[in-house]
Amino acid sequence: MQLRVTVPADRTEQVRDLFADDPGTAHLAVLPGASVTPAGDLVLADVARESADGLVSALRDLGIDRDGGIAMVVVDAAVSSAARRAEDRAPGDGADAVVWEQVVRTTDAESSLSVSYLAFLTIATLLAAVAIINDSAILVIGAMVLGPEFAPLAALAVAVLHRRPSIARQAAISLTVGFLVAIAITALVVLAGRGLGWFGPELLAAERPATGFITAPDRWSVVVAVLAGIAGVLSLTSAKSGALVGVFISVTTVPAAADMALALALGGGGEFIRASTQLAINLGGILLAALATLALQRAVWHRVPRTVPKVERVRA
């Protein structure tokens, strides 16, 4: 990773020594007076991912996040023998290293209640409703790929673990409002379809071999939710995980929300209760699994020897 640090001039030497003394630092450059806003020096350092979290914590202890700035950039490839040596010297393995500040910032940004978030969740729920009506497993897969709700779920878990109430509040609002809007719009569309005579209440009693699992909450619902939560967190924190892992978590949530909308529009009280139970089990299971996985990762990573020297916090 590259750390681009805007440093007040009175702390440049401390920051330079911090990077120079860390065995995970591969390349280091100091540009005096290069920063205009805020005024100060610019320090550029390419570091092994294993060292990044400790270095960012040490920079925050120096008050750099308050009086300057820290930007983290993922380096896809570094053709350098110095980079190879830095990775070898840094403790742990880069694929397992978690840069917590990066995780917090990423989940915070992706969990905001935006128009695009509402649009994707609503489209995914509509597509899942079509899947249920036609009993199509392929359409369920399409709906789960579109569903964006794992981002606020992950943000909620990260916020609880790191005691960030503002992020937790934002994530909870995104989840609640997002599902309410998606279910309401889907129910209105289903009512329109019913009015056009495309289907009727008898749909709820029809056999659905491919999508019947949506309204059959059982112990396997808990298992799927837990596995989904673990996989989603690993996709968020691991350097080698596929970028699309997180979106597949929707297989346990969006279809249940779509079935709730169908039940509302077609008058199926029992169906609505079963679907809402499925949604609650899945959301709760994913959240608890995400929390447990993050806590375990933090506990394991904290046992890895730190190579970053301790620094005294600079107080204003």
Side-chain angles (χ1 to χ4, degrees), residues 103 106-107 110-111 117 120-122 124-125 127-129 131-132 137-161 167-168 171-180 182-183 186 208-238 241-263 270-299:
V103 172
T106 299
T107 53
E110 294 181 353
S111 66
Y117 170 81
F120 275 116
L121 186 55
T122 300
T125 307
L127 192 56
I132 295 169
I138 293 176
L139 290 179
V140 170
I141 295 172
M144 75 183 187
V145 170
L146 281 177
E149 78 286 354
F150 181 70
L153 273 171
L156 192 57
V158 170
V160 170
L161 191 66
I167 297 178
I173 290 173
S174 295
L175 276 173
T176 304
V177 174
F179 274 114
L180 286 176
I183 291 171
T186 302
R208 298 200 305 264
T211 58
F213 71 93
I214 295 171
T215 50
D218 55 18
R219 58 190 176 187
W220 295 110
S221 302
V222 177
V223 172
V224 171
V226 169
L227 292 176
I230 295 171
V233 165
L234 292 178
S235 75
L236 178 69
T237 59
S238 174
S241 172
L244 287 177
V245 174
V247 302
F248 286 103
I249 308 309
S250 302
V251 71
T252 62
T253 53
V254 166
D259 207 43
M260 289 171 64
L262 279 169
E271 184 93 357
F272 182 85
I273 292 173
R274 289 191 296 273
S276 58
T277 301
Q278 182 79 280
L279 181 61
I281 290 174
N282 291 327
L283 290 176
I286 290 172
L287 182 58
L288 291 175
L291 273 169
T293 304
L294 286 169
L296 180 61
Q297 284 182 300
R298 187 170 68 170

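In what follows, residues are counted from 1 in the order of the sequence shown. All of these numbers come straight from a predicted model, not from anything done at the bench.
- Here Ile183 contributes atom CD1 and Asp259 contributes atom CG; the two are 10.5 Å apart, rounded to the nearest 0.5 Å.
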_Let's go through Leu153 and Leu283 carefully: what are the C-alpha distance in whole Å and the side-chain angles of both, what is the deciding distance for side chain to side chain contact (heavy atoms under 4.5 Å, CB included) to 0.1 Å, and is it a yes or a no?_
CA-CA 8 Å; Leu153 273 171; Leu283 290 176; 3.8 Å; yes

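- Here Thr125 contributes atom OG1 and Phe120 contributes atom CZ; the two are 13.0 Å apart, rounded to the nearest 0.5 Å.
- Nearest heavy-atom pair, Ala225 versus Ile281, reported as atom, atom and distance to 0.1 Å: CB-O, 4.1 Å.
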*For the pair Glu149 and Ile286, evaluate side chain to side chain contact (heavy atoms under 4.5 Å, CB included) and give the outcome as yes or no after the intermediate values.*
CA-CA 11 Å; Glu149 78 286 354; Ile286 290 172; over 6 Å; no

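- The minimum heavy-atom distance between Gly142 and Leu127, with the atom names listed, is C-CD2, 3.6 Å.
- Using a distance-only test at 3.5 Å, with no hydrogens or angles considered, a donor-acceptor pair links the side chain of Ser276 to the main chain of Ile273.
- Scanning all heavy atoms of the two residues, the minimum distance from Thr186 to Ala129 falls at CG2-CB, 3.7 Å.
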*Given side chain to side chain contact (heavy atoms under 4.5 Å, CB included), test Asn282 with Val224 step by step and report yes or no.*
CA-CA 8 Å; Asn282 291 327; Val224 171; 5.5 Å; no

*asked:* Checking Phe179 against Thr253 for the side chain to side chain contact (heavy atoms under 4.5 Å, CB included) test, could you report, in this order, the C-alpha distance in whole Å, the side-chain angles of both residues, the deciding distance, and whether it holds?
replied: CA-CA 10 Å; Phe179 274 114; Thr253 53; 4.2 Å; yes

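- Looking at every heavy atom in both residues, Ile167 comes nearest to Ala155 through CG2-O, 3.9 Å.
- When all heavy atoms of Pro152 and Ser174 are compared, the pair lying nearest together is CB-CB, 4.1 Å.
- Here OG1 of Thr277 is found 9.0 Å from CE of Met260. Values are rounded to the nearest 0.5 Å.
- For Arg274, the salt bridge (Lys or Arg N to Asp or Glu O under 4.0 Å) criterion is met by Glu271, not counting sequence neighbours.
- Checked by atom type and distance alone, the side chain of Ser221 never pairs as donor or acceptor with a backbone atom of Gln278 at under 3.5 Å.
- Rounding to the nearest 0.5 Å places CG of Leu175 at 10.5 Å from CG of Leu180.
- Here Ile141 contributes atom CD1 and Leu146 contributes atom CG; the two are 12.5 Å apart, rounded to the nearest 0.5 Å.
- Contact detail for Val254 and Gly147: the closest heavy-atom pair is CG2-CA, 4.2 Å.
- Taking CG from Leu296 and CG from Leu291, the interatomic distance works out to 12.5 Å, rounded to the nearest 0.5 Å.
- Under a 3.5 Å cut-off, the side chain of Thr106 and the backbone N or O of Val103 do not form any donor-acceptor pair.
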